[in-house]
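A short worksheet on the structure shown next.
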Amino acid sequence: MFRPKLPTMPQPTGIVTPPAVIEPITITPGTRTTPPTPVAPAPVPARPTIQLTPGTALALVGGGTAVVLVVGAVLVSMLLAVAITGASVAVCAVVLRSLLASGNRRR
């Protein structure tokens, strides 16, 4: 009655991989191995270089300008939304304060 019941481990349901076999390596002191010979790097495939023509430069400048204008418009609109929300909360606070103050005076 007072012995704990240990849960039984379920059988694995997925693909079971056998454990990796690690072979021991013997290290003998006093022996020196020669360093490995360097491997020549693989040749880099020839890629065409990008040539900047006046037309592509103008397109890059126009695209960058458009991105800056769009990001600026989004940030300004977000700032304006926060300012309008803050102003409306302030107006609501003033109205509630005046209503509560006038209610206390009448009693």
Listed partners of V71 passing side chain to side chain contact (heavy atoms under 4.5 Å, CB included), at least two apart =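 Per chain and number, V71 pairs via side chain to side chain contact (heavy atoms under 4.5 Å, CB included) with V67, L75.
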query = Taking only residues two or more places apart in sequence or in another chain, which ones pass side chain to side chain contact (heavy atoms under 4.5 Å, CB included) with T65?
reply =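 With sequence neighbours excluded, T65 shows a side chain to side chain contact (heavy atoms under 4.5 Å, CB included) to V61, L69, given in chain and number order.
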query = Can you tell me how far CD1 of I84 sits from CG of L80, rounded to the nearest 0.5 angstrom?
reply =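 Rounded to the nearest 0.5 Å, the CG-CD1 separation comes out at 4.0 Å.
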ask   = How would you list all residue pairs meeting side chain to side chain donor-acceptor pair (under 3.5 Å) that involve residues 71-83, not counting sequence neighbours?
value =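 Sorted result for residues 71-83: empty, none.
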